[in-house]
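Down below is the structure, laid out as structure tokens.
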Amino acid sequence: MQNLLDLDLAGLKAWLAQIGEKPFRANQLLRWIYQRGETDFSAMSDLARVFRDRLPTVAEIRLPTIVSDKLSDDGTRKFLMDVGAINLIETVFIPESDRGTLCISTQVGCALDCSFCSTGKQGFNRNLTTAEIIGQLWLANRALGFDPAGERIISNVVIMGMGEPLANFEALVPALNLMLDDHAYGLSRRRVTVSTSGIVPAMDRLREACPTALAVSLHAPNDALRDVLVPINQKYPLAELMAACKRYLDKAPRDFITFEYVMLEGVNDSPAQAKELVALIGKAGFRCKFNLIPFNPFPGSPYRRSPRDRISTFANILIGAGYVTTVRKTRGDDIDAACGQLAGQVQDKTRRTRQMPPVITQPHEGAS
Ligand code: SAH
Ligand code: SF4
């Protein structure tokens, strides 16, 4: 049984050809599934009768199940979704005055073990499928719907939830294609942002396959510190990462890289480190912006959030050097939906979590 949510337009056409159907039906199917949110084949009224009757025998539209849906005081909404075998992932909606952003997960847990990240501390179980990635957007769209002007409430997608998206490249790209495809969600390339901890070869592949906006989790101005905070740096150090960022922008010179930088008190937040960062980026020579993220604590975490004035001093040094710099507002922390607090429920296969008890969000707690 083919789950249609696993296929982008090209995949759907190939599958239709394989089962002896006309490839142009792919466009019709995408419109029904993603634009109209239909999962019942018999309701897809403009499909030829014979094809409509055949579909349930060869295909299905199988989504994750929402097991809880919590609303924060600030309007942030966190969906906990079941992807089978007691694995739960989190999807977060963040409303702002000019946009509505959905933050999507790509893995159950994460194997990269950044020292300040709750997801990383949970360990890793498996990659999500394309259906499970795009299914988060499908379900959140159904829950949130349209505004009074008929526009979708979800206008932007950030791939910044649980997991390292570029470590799940094969499933990620068809999901991105569906976000961009005019027959599916039709979002512009700039409204879809992939956030990576810096898997260099996959950054090059993404540029070729689907060059969406790119955010890079930097967090340190030198290799010695980044090796500790973001261990993947030991494999792809800063010089290689910077070169990959520059290559990423080759195809879209008017774009920019967003550098995310988590503010950890006394670890990476001094004025001297801000200046070191300016020197690092100045040498690299491409367009970029900074997004400073106040650290969001979680049980057992060894760090503290930098005080507000330390964050402003750091930001002002970057701004003074000519870089657009924003400080991310902490949203949804009352429901553990803030950056780095997403924990879901992960059946860890790395055995790493023995060092630290997992933070488990009860699936039915506060469900509405
Ligand atoms: N794996 C990808 C995307 C998911 S993490 C990546 O690392 O980029 C999304 C963002 O949240 C990253 O910038 C990450 O560094 C940041 N983050 C992780 N833990 C955090 C925490 N406890 N407080 C604040 N930000 C955190
Ligand atoms: Fe994984 Fe990103 Fe968390 Fe690092 S910050 S452990 S890459 S999810």
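First listed ligand is number 1; within each ligand, the first listed atom is number 1. Just so it is clear, the model here is predicted, and its values are computed rather than measured.
Contacts between Thr119 and ligand 1 below 4.0 angstrom, taking non-hydrogen atoms only, are absent altogether. When non-hydrogen atoms are compared, ligand 1 lies under 4.0 Å from the backbone of Glu164 as well as from its side chain.
Close approach of ligand 1 to Val262 (heavy-atom distance below 4.0 Å) involves ligand atoms 23 (N), 24 (C), 25 (N). Each of the atoms 13 (O), 24 (C), 25 (N) of ligand 1 lies under 4.0 Å from some heavy atom of Ile293. Interface atoms of ligand 1 facing Cys117, defined by a heavy-atom separation under 4.0 Å, are 18 (C), 19 (N). Near Gly120, meaning under 4.0 Å from any of its heavy atoms, are these atoms of ligand 2: 6 (S). Taking every non-hydrogen atom of Thr196 and a distance limit under 4.0 Å, the qualifying atoms of ligand 1 come out as 6 (C), 8 (O). Those atoms of ligand 1 that come under 4.0 Å of a heavy atom in Ser217, given as number and element, are 6 (C), 7 (O), 8 (O), 12 (C), 13 (O), 15 (O). The distance from ligand 2 to the heavy atoms of Asp113 drops below 4.0 Å at these ligand atoms: 6 (S).
Less than 6.0 angstrom separates the ring centroid of Tyr261 from the ring centroid of Phe314.
Thr106 and Glu164 share no donor-acceptor pair across their side chains, judged by distance under 3.5 Å alone.
Using a 4.5 Å heavy-atom threshold, the side chains of Leu29 and Leu7 count as separate. Side-chain contact check for Leu241 versus Arg226: some heavy-atom pair is nearer than 4.5 Å. Taking the side chain as every heavy atom from C-beta outward, Leu229 and Tyr303 approach each other to under 4.5 Å.
The cationic group of Lys246 does not satisfy the cation-pi geometry with Phe286, failing either the under 6.0 Å distance to the six-membered ring centre or the 45° limit from the ring axis. A cation-pi arrangement is present between Arg25 and Phe51 under the rule of less than 6.0 angstrom and at most 45 degrees off the ring axis.
The CD atom of Glu132 sits 10.0 Å away from atom CG of Leu63, with the distance rounded to the nearest 0.5 Å.
In terms of protein heavy-atom proximity, atom 1 (Fe) of ligand 2 is nearest to Cys110 SG, 2.3 Å. Distance from atom 2 (Fe) of ligand 2 to its nearest protein heavy atom, with residue and atom name: Gly163 O, 4.4 Å.
For a threshold of 3.5 Å applied to N or O pairs, the pair formed by Pro165 and ligand 1 contains no separation below that value. In terms of polar-atom proximity, Asn296 is counted as a contact of ligand 1, with an N or O under 3.5 Å from an N or O of the ligand.
Close to ligand 1: Gly161, with a non-hydrogen atom less than 4.0 angstrom away. Residue contacts with ligand 2: Ser217 is excluded, as none of its non-hydrogen atoms falls under 4.0 Å. Met162 does not count as a contact of ligand 1, since none of its heavy atoms falls under 4.0 Å from the ligand. The shortest separation from a heavy atom of Gly163 to ligand 1 is under 4.0 Å, placing the residue in contact.
Classified by interplanar angle (parallel below 30°, tilted 30° to 60°, perpendicular above 60°), the ring pair Tyr323/Phe290 is perpendicular.
Judged by distance alone, the side chain of Ser217 and the main-chain N or O of Ser197 form no donor-acceptor pair under 3.5 Å.
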Next on the checklist: Evaluate Thr326 against Asn291 for side-chain hydrogen bond (donor to acceptor under 3.5 Å, both in side chains), listing each step before the verdict.
Outcome noted: CA-CA 5 Å; Thr326 48; Asn291 191 213; 2.9 Å; yes
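One option in His219, Met160, Arg328 has a heavy atom closer to atom 15 (O) of ligand 1 than any other, and that option is His219. In this comparison of Ser197, Ala167, Ala111, the heavy atom closest to atom 7 (S) of ligand 2 sits on Ser197.
Taking backbone and side-chain atoms together, Cys114 has no N/O/S atom less than 2.8 Å away from atom 1 (Fe) of ligand 2. Residue Cys117: an N/O/S atom is found under 2.8 Å from atom 3 (Fe) of ligand 2.
For Ile311 against Ser306, the heavy-atom pair with the smallest separation is CD1-O, 3.5 Å.
Paired with Val157 under the rule side chain to side chain contact (heavy atoms under 4.5 Å, CB included), one option of Thr101, Val194, Leu137 passes, and it is Leu137.
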